[in-house]
Colleague: 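The structure that follows is given in the form of structure tokens.
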Amino acid sequence: MLKNRYIFLILLLILSVNILLSCAEKNASLLDYQVYPMTVKGSYTSGDINAEIIAVLLSGGEGTVEYFSPAALESIKVTISEAGNILEAQGVSLPLVNKEKISDAEIIIAMLSLDSEQLVLTESADKNREASAVFETKYGRVCVTYNQEGIPQKFETEDSSLVFFAEKIENGSE
């Protein structure tokens, strides 16, 4: 009797581990597009700003965001790194030192650098809906919408204050 109980507990443990591992594999696949270096072309809205950008990530959490429109932001480049954030415009580089004001570039780089430990919730796709996932970042929750191939198309802050549409993603494997 005791032997059967141990066998049952061992089988239950094995089943639980398999279920957890299968969930972890599925969640990790949400981030398969992240092969560094990674270049993402897209557009975003934040408040009154509608901008077209190219973000280049060299590693998770570090990269540059270069603006192409509107005209007022054209050719501005923001570099986000552990060493510090830098704004470049017309050949002049300035450190971004205001720690209380988070730049849109910081949020975009964080959105593109999500990791599986930040995953809060997933919603599977069906034939009428795209897949989506919610991640918890230091800037708040981010909802990511994926197309049927598993490529992220839209990144949105929880309060919709910043919405980024990824038009094209190229990475180190291409």
Side-chain angles (χ1 to χ4, degrees), residues 24-25 27-122 132-147 149-174:
E25 288 174 20
N27 293 341
S29 71
L30 293 173
L31 303 172
D32 283 350
Y33 67 94
Q34 290 180 338
V35 177
Y36 301 106
M38 179 172 67
T39 302
V40 182
K41 180 181 182 194
S43 60
Y44 82 92
T45 59
S46 175
D48 293 336
I49 297 173
N50 293 310
E52 291 184 28
I53 62 164
I54 291 181
V56 177
L57 284 82
L58 301 176
S59 64
E62 295 190 346
T64 61
V65 173
E66 188 169 354
Y67 292 81
F68 292 95
S69 76
L73 296 176
E74 194 172 314
S75 300
I76 290 178
K77 186 176 179 179
V78 179
T79 301
I80 308 297
S81 73
E82 285 185 22
N85 301 340
I86 298 171
L87 172 75
E88 297 175 49
Q90 298 178 356
V92 177
S93 297
L94 300 168
L96 295 174
V97 293
N98 186 351
K99 297 294 182 187
E100 293 178 20
K101 172 68 175 129
I102 300 166
S103 73
D104 291 344
E106 285 179 272
I107 297 171
I108 291 168
I109 294 294
M111 287 176 162
L112 297 172
S113 303
L114 298 168
D115 66 58
S116 58
E117 292 178 8
Q118 295 172 308
L119 184 66
V120 177
L121 175 71
T122 60
S132 64
V134 177
F135 296 84
E136 185 70 51
T137 73
K138 65 182 180 181
Y139 305 111
R141 288 190 173 199
V142 172
C143 180
V144 182
T145 305
Y146 298 84
N147 66 15
E149 290 81 39
I151 306 298
Q153 300 295 296
K154 180 180 172 185
F155 298 80
E156 184 172 3
T157 57
E158 187 173 34
D159 63 0
S160 299
S161 63
L162 191 145
V163 182
F164 176 73
F165 295 94
E167 296 168 16
K168 183 176 182 183
I169 298 176
E170 297 176 346
N171 57 42
S173 67
E174 294 181 3

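Residue numbers run from 1 in the order of the sequence given.
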Colleague: Can you tell me which residue pairs pass the side chain to side chain donor-acceptor pair (under 3.5 Å) test with a partner in residues 151-165, sequence neighbours excluded?
Modeller: Lys154-Glu156, Glu156-Ser160, Thr157-Asp159, Thr157-Ser161, Asp159-Ser161
Colleague: Checking Ser46 side chain against Ile49 main chain: does a donor-acceptor pair fall under 3.5 Å?
Modeller: no
Colleague: Evaluate the criterion side chain to side chain contact (heavy atoms under 4.5 Å, CB included) for residue pair Gln90 and Ser75; output intermediate values, then yes/no.
Modeller: CA-CA 7 Å; Gln90 298 178 356; Ser75 300; over 6 Å; no
Colleague: Using atom types as modelled, flag every donor-acceptor pair under 3.5 Å from a side chain in residues 108-115 to any protein atom, sequence neighbours excluded.
Modeller:
{"unit_1": "Ser113", "atom_1": "OG", "unit_2": "Gly61", "atom_2": "N", "d": "2.7"}
{"unit_1": "Ser113", "atom_1": "OG", "unit_2": "Ile109", "atom_2": "O", "d": "2.7"}
{"unit_1": "Asp115", "atom_1": "OD1", "unit_2": "Glu117", "atom_2": "N", "d": "2.9"}
{"unit_1": "Asp115", "atom_1": "OD1", "unit_2": "Gln118", "atom_2": "N", "d": "3.3"}

Colleague: Any heavy-atom pair between the side chains of Val144 and Leu30 that's under 4.5 Å?
Modeller: no
Colleague: From Leu121 CG over to Ser132 OG, what is the distance, rounded to the nearest 0.5 angstrom?
Modeller: 7.0 Å
Colleague: To the closest 0.5 Å, what do you measure between OG1 (Thr45) and CG (Asn50)?
Modeller: 6.0 Å
Colleague: How far does CD1 of Ile53 sit from CD1 of Ile76, to the nearest 0.5 angstrom?
Modeller: 12.5 Å
Colleague: Quick check: closest heavy atoms across Pro152 and Ala166, and the distance to 0.1 Å?
Modeller: O-CB, 3.8 Å
Colleague: Indicate the atoms forming the closest heavy-atom contact of Leu119 with Ala133, along with that distance.
Modeller: CD1-CB, 3.8 Å
Colleague: Are the side chains of Asp104 and Leu162 in contact, using a 4.5 Å heavy-atom criterion?
Modeller: yes
Colleague: Take the angle between the ring planes of Tyr33 and Phe155 and call it parallel below 30°, perpendicular above 60°, tilted in between.
Modeller: perpendicular
Colleague: Does any part of the side chain of Ile80, heavy atoms only, come nearer than 4.5 Å to the side chain of Val78, both counted from C-beta?
Modeller: yes
Colleague: Does Phe164 reach the side chain of Val40, with side-chain heavy atoms less than 4.5 Å apart?
Modeller: yes
Colleague: From Glu149 CD over to Asp32 CG, what is the distance, rounded to the nearest 0.5 angstrom?
Modeller: 13.5 Å
Colleague: So which pairs with a foot in residues 52-71 pass side chain to side chain donor-acceptor pair (under 3.5 Å), sequence neighbours left out?
Modeller: Tyr44-Tyr67
Colleague: Find the distance between CG (Leu94) and CD (Glu88) and round it off to the nearest 0.5 Å.
Modeller: 9.5 Å
Colleague: Let me confirm one number: the CG-CE distance from Leu58 to Met38, rounded to the nearest 0.5 Å.
Modeller: 10.5 Å
